[in-house]
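Structure record follows, encoded as structure tokens.
Both counts, for ligands and for their atoms, begin at 1 and track the order of listing.
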Amino acid sequence: MAWQVVIAGGGFGGFYAARALERLLPAQSAHVTLVNDANFMLYTPLLPGAAGATLDPRHVVVPLRSQLRRTDLVIGRVTGAEPLARTLQVRRIDGQQLELGYDQLVIALGSVSRTLPVPGLAEHAIGLKSLSDATAVRNQLLGCLDVAESVEDPALRSEYLSFVFVGAGYAGVEGLAELQDFAAQVVELYPRCAAQGMRWVLAEARPRIMQEVPASLSEFAERELRRRGVEVRTDTTLHELSARTATLSDGETIPARTVVWTAGVKPSPVVARLGLPLNDEGRVLVERTMRVAGSPARVWAIGDCAAVPDAARPGHACPPTAQHAIRQGRLVARNVAAALSGGAARPFRYRTKGVVAELGRNQAVALTLGVRWRGLPAWLIARTYHLLLMPGIGRRLRLLADWNVALVFGRDASAPGQLGSPTPLEHD
Ligand SMILES: Cc1cc2nc3c(=O)[nH]c(=O)nc-3n(C[C@H](O)[C@H](O)[C@H](O)COP(=O)(O)OP(=O)(O)OC[C@H]3O[C@@H](n4cnc5c(N)ncnc54)[C@H](O)[C@@H]3O)c2cc1C
């Protein structure tokens, strides 16, 4: 009988694990099943590009079926697990409840936005973590410009023309930079808004933005944002939000209708319902081989939801990045294959080789093998990197086409807010 290998989560970690398992395990001896809540893998580093309209939202995802030919896909939500019975509980998208039995289980359920108890945050802020977030942010920007253009009162108009980002990791910085760049282009279509001007604020709790890159690169990114008129507020947190205002810890209340929350991530909540040991942050405790601590060699956890010991920083878990999740996915596949054939598991030893962060306007910062890049060369490195990493030639060509069309013809200023919501058959 064939071994059953189940992977929970089809993001960076789960997708690369499935792809490697297809190569490592003979079809007749093992059966791989991947459970994900969407039939695509979201390429998150390109989300800011989708929000900023340089990329079509559909082009920042990878359809799982076209890339994983030997893996069974179950599209639905993991809802729980029974480690002793070796089953994973899944609610398929049609509502059907399934119990998937496994010999080997890989947990790769990623993360969600980390919120704090800030009054009004859950009601009034938007995240930038999913495809619908990116589309919503873009629609929100265009909606605000559309309203502001027809408002008579300049004070009310400025509420619609003020945009606050909270959290200046790469998601916040890239998101704000791309969106502001987009807004600067399309505002020409809105004469009143162009005459009044927009306000962009980036608040960060720590003393500098983009902790992921060396100080010299984060200073470059900050200078670049300030040059464009962005107010960068370090050592500043969000105190309170309402539908029309954002109050910061420095005491200023900014009249603003748009607040984007990009202040970190926490493990997907379902991870706490799987009967596995967790650390203080709610990440699954694993050994260096990514085997779940204290479990027999059959349950593994990787990516943002797992606290994989970081070889580069003893005593710490790996940071929640795609580059770690990809490598963990590939290695966990080898370890699963080894476990099935009686071989030994290898420890995860990866050290970050570089980071790239696009800032819009053909600007970026990058660190590659210790070499620091900024400006246009960094931007070319960033785009080449994503082009090479995007799985499938068809997906790469779509990216190239989108980028070049946007460079030559500018970005698309339509707000497709109705996408995915059918018009009721009977309505007024
Ligand atoms: C805007 C943004 C920009 C980023 N830029 C970079 C970057 O430039 N470089 C970098 O290295 N990292 C970047 N990251 C971080 C990177 O996206 C994550 O570290 C990476 O995606 C982690 O991979 P993962 O497999 O652990 O999780 P994910 O890729 O999030 O995959 C988890 C999968 O599990 C699915 N899932 C969750 N819950 C369930 C459930 N209950 N049932 C079924 N499926 C479920 C999710 O939908 C998802 O498909 C960025 C993140 C964001 C949000």
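Listed as neighbours of ligand 1 are G9, G10, G11, F12, G13, N36, D37, T44, P45, G76, R77, V78, A108, L109, G110, L128, K129, Y170, A171, S268, V270, G303, D304, P320, T321, A322, Q323, A325, each bearing a heavy atom under 4.0 Å from the ligand.
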Identify all side-chain donor-acceptor contacts of residues 70-86 below 3.5 Å with residues at least two apart in sequence or on another chain.
| from | atom 1 | to | atom 2 | distance (Å) |
| --- | --- | --- | --- | --- |
| R70 | NH1 | E22 | O | 2.4 |
| R70 | NH1 | L25 | O | 3.4 |
| R70 | NH2 | L25 | O | 2.8 |
| T71 | OG1 | E22 | OE2 | 2.7 |
| D72 | OD2 | H31 | NE2 | 3.2 |
| R77 | NH1 | D37 | OD2 | 3.0 |
| T79 | OG1 | Q89 | O | 3.3 |
| T79 | OG1 | Q97 | NE2 | 3.1 |

For residues 346-357, dump all side-chain donor-acceptor pairs below 3.5 Å to protein atoms at least two apart in sequence or in another chain.
| from | atom 1 | to | atom 2 | distance (Å) |
| --- | --- | --- | --- | --- |
| Y350 | OH | Q323 | OE1 | 2.5 |
| Y350 | OH | K353 | N | 3.4 |
| R351 | NH2 | A311 | O | 3.3 |

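Look at D103 and R298 and you find no salt bridge, because none of the NZ, NE, NH1 or NH2 atoms lies under 4.0 Å from a carboxylate O. A salt bridge is absent between R226 and E231; no separation between the charged side-chain nitrogens and carboxylate oxygens falls under 4.0 Å.
With values rounded to the nearest 0.5 angstrom, R227 atom CZ is found 8.0 Å from F220 atom CZ.
Applying the side chain to side chain donor-acceptor pair (under 3.5 Å) rule to pairs touching residues 386-401 yields Y43-H386, sequence neighbours excluded.
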